[in-house]
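Chain identifiers are assigned alphabetically (A, B, ...) following the order of the sequence lines, protein sequences preceding nucleic acid strands; residue numbering begins at 1 within each chain. Just so it is clear, the values below take in all heavy atoms, side chains as well, and ignore hydrogens, waters and symmetry mates.
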Amino acid sequence: LAKTTQPISMDSYEGQEVNITCSHNNIATNDYITWYQQFPSQGPRFIIQGYKTKVTNEVASLFIPADRKSSTLSLPRVSLSDTAVYYCLVGDLGTGGFKTIFGAGTRLFVKA
Amino acid sequence: GAVVSQHPSWVICKSGTSVKIECRSLDFQATTMFWYRQFPKQSLMLMATSNEGSKATYEQGVEKDKFLINHASLTLSTLTVTSAHPEDSSFYICSATWGDSNQPQHFGDGTRLSIL
């Protein structure tokens, strides 16, 4: 299973763009990259998923370089409500026995 | 879409009792469900993976007789903490997916278990 490494914490101000990078040097060919957001005492929420290049949805963008050994979650114009823990996961979703292991995550604190 | 409901959200019980936690996929059929445990300020720790109609696969160090998992249908998985003790107090979270190569996990809101 590919292991992920993220910064433990990040601070930002409201209205700024936040980029959180995740390292996954041992990513396998079939692995997808998925990002989740977790608020205290809640289950994680899916943010975005990608395999290569760039993916964008209504809340975030995900940038994946050609070697796929890292990925960057970009949150445009963060607000106070974006204060949460963000997890990068790498796993093979295509086989019946797949599983994903959560890393430590990045604790984002958005200040006014 | 892709809603996972977990019940109860909070439970307090006496040491020695058994507690059952339910995880339901409300609008999709979950071929695979996962159970996690999370301590304060820590990441999620995978306890077991269950596929509908099959026995659960437990992670190393997780006692299968202590944490009974049943994935009896495509929409329901249960985790029973048997003879619970204070050290079993934790935040338990389930997730579900339908297993296609592009489908992420969808998580319940967790169950806060407190054993007195």
Side-chain angles (χ1 to χ4, degrees), chain A residues 1-9 22 28-52 55 57 59-60 62 64 71 73 83-109, chain B residues 1-7 9-10 21 23 25 30-60 62 71 90-114:
Chain A
L1 293 172
K3 183 178 179 180
T4 60
T5 303
Q6 304 173 230
I8 295 297
S9 65
C22 178
T29 303
N30 294 331
D31 286 347
Y32 281 76
I33 301 157
T34 311
W35 284 80
Y36 294 89
Q37 173 193 57
Q38 186 182 29
F39 297 112
S41 298
Q42 293 185 26
R45 293 282 178 264
F46 170 80
I47 302 174
I48 199 166
Q49 182 185 72
Y51 183 80
K52 61 180 178 180
V55 180
N57 62 21
V59 298
L62 178 60
I64 305 168
S71 59
L73 173 72
T83 293
V85 179
Y86 292 82
Y87 294 99
C88 158
L89 267 71
V90 173
D92 175 7
L93 305 177
T95 60
F98 99 96
K99 63 181 181 182
T100 51
I101 302 298
F102 277 78
T106 298
R107 195 170 296 271
L108 173 65
F109 184 69
Chain B
V3 177
V4 174
S5 174
Q6 193 171 335
H7 178 80
S9 56
W10 191 291
I21 302 170
C23 180
S25 56
T31 52
T32 304
M33 285 186 170
F34 302 86
W35 287 95
Y36 296 85
R37 185 174 182 178
Q38 187 175 33
F39 292 105
K41 304 291 186 183
Q42 295 187 23
S43 183
L44 284 75
M45 181 188 76
L46 179 65
M47 299 175 67
T49 303
S50 73
N51 294 297
E52 185 267 338
S54 305
K55 288 185 178 181
T57 301
Y58 290 81
E59 294 300 300
Q60 190 172 8
V62 178
H71 191 164
S90 188
F91 191 53
Y92 293 87
I93 309 171
C94 73
S95 72
T97 183
W98 53 90
D100 287 341
S101 59
N102 289 334
Q103 303 308 320
Q105 296 178 48
H106 300 276
F107 290 82
D109 276 336
T111 297
R112 176 76 56 195
L113 175 62
S114 295

- Message: Out of the candidates A:Gln37, A:Gln38, A:Arg107, A:Gln6, only one should pair with A:Tyr86 under the side-chain hydrogen bond (donor to acceptor under 3.5 Å, both in side chains) rule; please name it.
- Response: A:Gln37

- chain B: which of A:Pro40, A:Pro44, A:Ser41 shares the most heavy-atom pairs with it under 4.5 Å? A:Pro44

- Side chain from CB out, backbone as N, CA, C, O: work out which of these in A:Tyr87 comes under 4.5 Å of a heavy atom of chain B, or both, or neither. side chain

- Task: Check whether A:Tyr36 gets within reach of chain B through its side chain, its backbone, both or neither, counting any heavy atom under 4.5 Å.
- Result: side chain

- Query: Measuring heavy-atom distances to chain A, does B:Gln6 have an atom under 4.5 Å in its side chain, in its backbone, in both, or in neither?
  - Reply: neither

- Task: Go through the atoms of B:Leu44 and report whether side chain, backbone, both or neither lie under 4.5 Å from a heavy atom of chain A.
- Result: both

- Got a sec, which residues hit side-chain contact (heavy atoms from CB on, under 4.5 Å) with B:Ser90, two or more places apart in sequence or on another chain? B:Arg37, B:Phe39, B:Tyr92

- Task: Check for a donor-acceptor pair, side chain of B:Ser43 on one end and backbone N or O of A:Gly103 on the other, with a separation under 3.5 Å.
- Result: yes

- Any donor-acceptor N/O pair, B:His71 side chain to B:Ala30 backbone, under 3.5 Å: yes

- Who passes salt bridge (charged side-chain N to carboxylate O under 4.0 Å, His left out) against A:Arg45, sequence neighbours left out? B:Asp109

